[in-house]
Amino acid sequence: MIALGYCLGRLFDKDYSSQKRKQYLIGTGSLCLIVFFFLRLSNIYGDPIPWTKQDNVVTTVLSILNLEKYPPSLLYLSATLGISLILLGKMEDWNLIDSVGSLSLVAQAFFYYVLHAYVIHISAAIVALASGYSWQSTDLPWIYNGCNS
């Protein structure tokens, strides 16, 4: 997945126009969703739990969309990638890259990626303390060792 992300990063070079990038992203996302629906509806490959016809349409659709992430599944990957690529293509109309600058956009994304790890770990430590456990039980040595580990 990381390698695929690096490959898709090439689409955001100045060589690609916004319209060409949008077409590629939406086309690739649509292809991923077609693969997903073909494989999922056939019930011959993919998820460990096959979908089944239910009492009504809504629960049948939910059965089809009920995917397992682990073990790694082509169905899960094609569904999530398909939706993500289509949304990314639709966001081309917002001109985020042109107005913000690609380096700034990457820096912001990286900042939020790093920040979320600290927020989650500190929240877990607060919940552990509120539940009567010690800092050490949270397995967060960087908090009580002065961020040195």
Side-chain angles (χ1 to χ4, degrees), residues 1-13 15-98 100 102 104-143 149:
M1 286 311 312
I2 293 172
L4 180 62
Y6 284 124
C7 293
L8 284 177
R10 176 86 168 104
L11 289 175
F12 293 91
D13 283 347
D15 299 342
Y16 288 91
S17 68
S18 179
Q19 187 60 30
K20 186 176 179 183
R21 183 172 37 248
K22 180 180 178 179
Q23 288 176 332
Y24 184 79
L25 290 168
I26 291 175
T28 305
S30 299
L31 181 63
C32 286
L33 289 178
I34 289 168
V35 167
F36 163 73
F37 283 112
F38 175 76
L39 289 174
R40 186 64 171 158
L41 293 176
S42 70
N43 253 351
I44 57 174
Y45 174 80
D47 212 61
I49 302 170
W51 70 275
T52 56
K53 187 172 189 293
Q54 303 294 316
D55 295 335
N56 59 43
V57 174
V58 173
T59 53
T60 300
V61 169
L62 290 175
S63 177
I64 292 169
L65 296 177
N66 184 20
L67 301 171
E68 296 292 321
K69 184 176 181 181
Y70 298 109
S73 165
L74 176 62
L75 291 175
Y76 182 84
L77 191 62
S78 61
T80 55
L81 269 180
I83 293 168
S84 299
L85 290 174
I86 290 172
L87 289 175
L88 192 58
K90 293 290 185 183
M91 286 192 296
E92 277 299 311
D93 295 334
W94 299 352
N95 293 323
L96 290 175
I97 298 298
D98 296 335
V100 178
S102 59
S104 176
L105 187 63
V106 170
Q108 289 175 14
F110 183 69
F111 170 74
Y112 288 114
Y113 174 77
V114 170
L115 182 67
H116 96 280
Y118 285 100
V119 169
I120 290 171
H121 283 91
I122 290 170
S123 299
I126 291 170
V127 169
L129 284 175
S131 301
Y133 293 96
S134 68
W135 285 103
Q136 291 80 9
S137 68
T138 62
D139 193 28
L140 301 172
W142 53 270
I143 291 177
S149 57

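Listed for the T60 side chain is no donor-acceptor partner under 3.5 Å among the backbone atoms of K53. Without hydrogens or angle criteria, S63 side chain to T59 main chain gives no donor-acceptor distance under 3.5 Å. No donor-acceptor pair closer than 3.5 Å links the side chain of S73 to the backbone N or O of K69.
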Checklist entry - Yes or no on side chain to side chain contact (heavy atoms under 4.5 Å, CB included) for R40 and L67, after CA distance, side-chain angles and deciding distance? => result CA-CA 9 Å; R40 186 64 171 158; L67 301 171; 3.7 Å; yes
Checklist entry - Run the side chain to side chain contact (heavy atoms under 4.5 Å, CB included) check on N43 and W51 step by step: do they pass? => result CA-CA 7 Å; N43 253 351; W51 70 275; 3.0 Å; yes
Next on the checklist: Determine whether L88 and R21 satisfy the following criterion, side chain to side chain contact (heavy atoms under 4.5 Å, CB included), listing intermediate values before the conclusion.
Outcome noted: CA-CA 10 Å; L88 192 58; R21 183 172 37 248; over 6 Å; no
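When all heavy atoms of Y24 and L11 are compared, the pair lying nearest together is CD2-CD1, 3.1 Å. Annotation for I64 and F36: closest pair O-CZ, 4.2 Å, computed over non-hydrogen atoms. Taking all atoms of both residues into account, the shortest heavy-atom contact from G89 to K22 is O-CG, 3.3 Å.
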Only distances under 3.5 Å count here; give the side-chain donor-acceptor pairs of residues 80-87 to other protein atoms, sequence neighbours excluded, each with its distance to 0.1 Å.
unit_1: T80; atom_1: OG1; unit_2: Y76; atom_2: O; d: 2.9
unit_1: T80; atom_1: OG1; unit_2: L77; atom_2: O; d: 3.3
unit_1: S84; atom_1: OG; unit_2: T80; atom_2: O; d: 2.8

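A distance of 11.0 Å separates CD1 of I34 from OG of S78, quoted to the nearest 0.5 Å. The OG1 atom of T28 sits 11.0 Å away from atom CG of L33, with the distance rounded to the nearest 0.5 Å.
You'll find the side chain of K90 stays beyond 4.5 Å of the side chain of L25, heavy atoms only.
Enclosure of atom CG in D15 by more than 12 non-hydrogen atoms of other residues, nucleotides or ligands within 6.0 angstrom is indicated.
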